[in-house]
Amino acid sequence: MTHESKILSGLNDAQKEAVSHGPGPLLVLAGPGSGKTRVLTHRVAWLVTSGLARPEEILAVTFTNKAAVEMKQRIQNLLGGTGGVRAQTFHSACLYVLRRDSAKIGIDPKFTVVDEEARRELLVKVAKEFRLDPPDAAAAGKAISFAKNCLVGPDEFPKWAAEKTGEGSLLSQKMAEVVSGCGDAVPEVYAAYQEMLKKVNGLDFDDLLFEAVRLFRERPDVARKWAEIWKWVLVDEYQDTNRAQYEWLQLLVKKRRNVTAVGDPDQSIYGWRAADVENILRFKEHFPEAKVVALEKNYRSVPAVTSLADRLIQNNTRREKKTLIPVRPDGGEAQCLSFTNERAEAEFLAEKISALRGGQGLSWSDFAVLYRVNALSRTYEEALAKRGVPYVVVGSVGFWGRREIKDVLAHLRVVVNPRDVVSLRRVCLLQPGVGEATAAQVAALVLAGRPAAEVLSDVAGKPGIGKKARSSLIRLAKTLEVLETGIREKKPAAELCMYAAESTGYMAKLAKDRSEEGQERVANVGALVSAAAEIDASGGVAELLERAALASGDSDDGGGKDAVRLMTLHKAKGLEFHTVFLVAAEEGYLPHYQSSYGPALEEERRLCFVGATRAKDCLFVTWCRERTNWGRTAWNRPSRFLKEMGFEVNSYLETRRLSGTRWTDRIAAEL
DNA sequence: CGTACACTATTTTTT
DNA sequence: ATAGTGTACG
């Protein structure tokens, strides 16, 4: 067998067709559990082994860091090394381009990537000048983010917002919500916020896409250069692309047209942050010569699960007809259960997990509890803990988002981008004796164009500065100077991290806290040094900061821990579990009350679809008549999606399975 | 400037 | 219920 045919063996006909498609646009419509990632990775391997592409000519784009890592690993397994194939997120691909060419559109390539936390900080500061309070600032921030994702600048904003309203799309629905939340101050705040970003030489996440598009538009020669580098582009989760991502891709592939888009319109769940399902629905219009392959066979779930998911999604109007064809034989179960309150629901689930694990020889990590909103996790956590069931809540701040990690890295940021006063402020506030007032003084002087170390020494000498503050400012100035030389001489990032943490007294401060939390912080800084050492093997400080910025929002997924996973429906996308508990299937939660009409409702339905199709063997959809949220107890109606899935829901006592092979009535027993 | 305490506003999803 | 903000005092 040739290497090439080895890559095709074991694939079904549709998969083979997609994998071995030659040049030209290809759209793969891949239902849940149909081997989407498999097709993507095998296609990359096939392109290489067939000789059509060299590895370094291939760019595979994903939405999450996790998906990018997985993709890389699987390509590596197939090819025995990635050999230069780039698999990365949209944001990191754009960042890669901008670091090299941003000067061509007037952006200093040493710019800082402003993460969510820093962004909020800047927005609040800017909004204050317009007499907006923090909630209004947040609303304005949403509108700004939305606009950037739609490639709309501050000047075009008013006209665009007016046009958008009443358009009937999900995009316009979300936009209307956002704009109504903060009134007509948005354009001014937007402009001022951009001004501020420019001052500190920072780009936020949305800017990475926005500016990458601007670069390709304003400098066709640059676009051409990158199109020659990445001759083959593959996109995962295409249904989640927004306007900016779509445009960037167009500019990249318009000449060679070697674009592979893989996705499932029924799993588009990010409309609220400007993803536009139309991108995938109109692929054929954008690329008339495109080949379209549908992967409808579902290898993941038992028929009981696929059939109810299929029934549910048929209720969406704006979709292309497509079915889920189960490959697996009958078995497993899909049930709907109701409870008087969330306590009973949580107890049931904890008990059920223990029983199933023992009975079927499963691991804790074979179970997942999925809910619509994070706030719901608490009850389930308590019940699991009470029974001694190990669990992880996927969604808590991950490593790169931890305060201590960001604190240490802020020192390096200040040196790499001398105008980064956001990081400088952070670093100053860490010093004993230094507060808001002093930090602001320092920031103002640095923005006026003076080097940070010099400013710190100067401010330290000013009257009115306390003794404690004086000595710590001087110490900080020295640290920054040393880091500066260290970076110039390309010292290892690990060494510099260690130095930053130690010489500023930060480590000592952390170590003083003897609590478990405090000790964990110390350990995390140690882990940062190790991570830096790993990165030093292939890069340096720049790479470390890059990785930290882009991963700062990543949530802790529990690693390989054998524990039940608790997470939101959004976070469950792309995952699968033996048994899934889809909890709080109640009107108000699923669909969420803020999205219970119009196009947004359809997205809620897709969300429910995504949740249900995570289950391989068992699916339990549960709802409670009564739920206590923050102090208040409310009465709930069962989710309309239950009926749509085929469950008969007459009253809370009689929730039963309508059709299917097994008819179990455990409801009475549970109540 | 830093801490302690009280009050209030908050809750959808996140690269 | 809780986290985050604001105020008063050392």
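All chains are named by letter (A, B, ...) in the order of the sequence lines, taking the proteins before the strands, and each is independently numbered beginning at 1.
Atom CZ in A:F63 sits roughly 15 Å away from atom P in B:dT14 (whole-Å rounding). Atom CD of A:E117 is separated from atom P of C:dG4 by 10 Å (rounded to the nearest Å). In this structure, NZ of A:K468 is placed 6 Å from P of B:dG2, rounded to the nearest angstrom. If you measure from atom CG of A:L430 to atom P of B:dC1, you get 15 Å, rounded to the nearest angstrom. Remark: P of B:dT14 and CG of A:L209 are 18 Å apart, rounded to the nearest angstrom. The distance between atom OH of A:Y589 and atom P of B:dT13, rounded to the nearest whole Å, is 12 Å. A:F146 places its CZ atom 12 Å from the C1' atom of B:dT13, with the value rounded to the nearest Å. If you measure from atom CG of A:L473 to atom P of B:dC1, you get 10 Å, rounded to the nearest angstrom.
In this structure, A:G553 and A:P432 both approach DNA chain B, and ranking their closest nucleotides by distance from the 5' end singles out A:P432. Residue-to-nucleotide proximity on DNA chain B shows that, of A:T438 and A:T568, the 5′-proximal contact is made by A:T438.
Rounded to the nearest 0.5 Å, atoms CZ (A:F339) and CD (A:E347) are 10.0 Å apart.
Using a 4.0 Å cut-off between a side-chain N of Lys or Arg and a carboxylate O of Asp or Glu, A:K36 and A:D264 do not qualify as a salt bridge. Between A:R319 and A:D266 there is a salt bridge, with a side-chain nitrogen of the basic residue lying less than 4.0 Å from a carboxylate oxygen of the acidic one.
Heavy atoms of other residues, nucleotides or ligands lying less than 6.0 angstrom from CZ of A:R470 number more than 12. Around CZ of A:R99, the count of heavy atoms belonging to other residues, nucleotides or ligands within 6.0 Å exceeds 12. No more than 12 heavy-atom neighbours from other residues, nucleotides or ligands sit within 6.0 angstrom of NZ on A:K66.
B:dT12 and C:dT5: their C1' atoms are spaced 23 Å apart (whole Å).
Heavy atoms of A:S92 sit nowhere under 4.0 angstrom from any nucleic acid atom. At the heavy-atom level, A:G466 lies nowhere under 4.0 Å from the strands shown. Within the 4.0 angstrom heavy-atom criterion, only backbone atoms of the sugar-phosphate kind lie near A:Q431; the bases stay farther away. Backbone-only contact: A:A437 has heavy atoms under 4.0 Å from sugar-phosphate atoms and none from a base. In this structure, A:E603 reaches neither bases nor backbone, as no heavy-atom distance under 4.0 Å exists between it and the strands shown.
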Letter per nucleotide, 5' to 3', of nucleotides 6-12 of chain B [B base touched, S only sugar-phosphate touched, - untouched; heavy atoms, 4.0 Å] = ----SBB
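Taking only side-chain nitrogens and oxygens, A:K571 comes nearer than 4.0 Å to OP1 or OP2 of B:dT14.
Checking B:dT14, B:dC1, C:dT2 against the side-chain heavy atoms of A:Y270 singles out B:dT14 as nearest.
Taking the ring axis of A:F577 as reference, the NZ or CZ atom of A:R565 does not stay both within 45° of it and closer than 6.0 Å to the ring centre.
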Between A:E436 and A:R425, is a salt bridge (Lys or Arg N to Asp or Glu O under 4.0 Å) present by the stated rule, with each step listed?
-> CA-CA 8 Å; A:E436 210 58 68; A:R425 195 186 86 99; 2.2 Å; yes
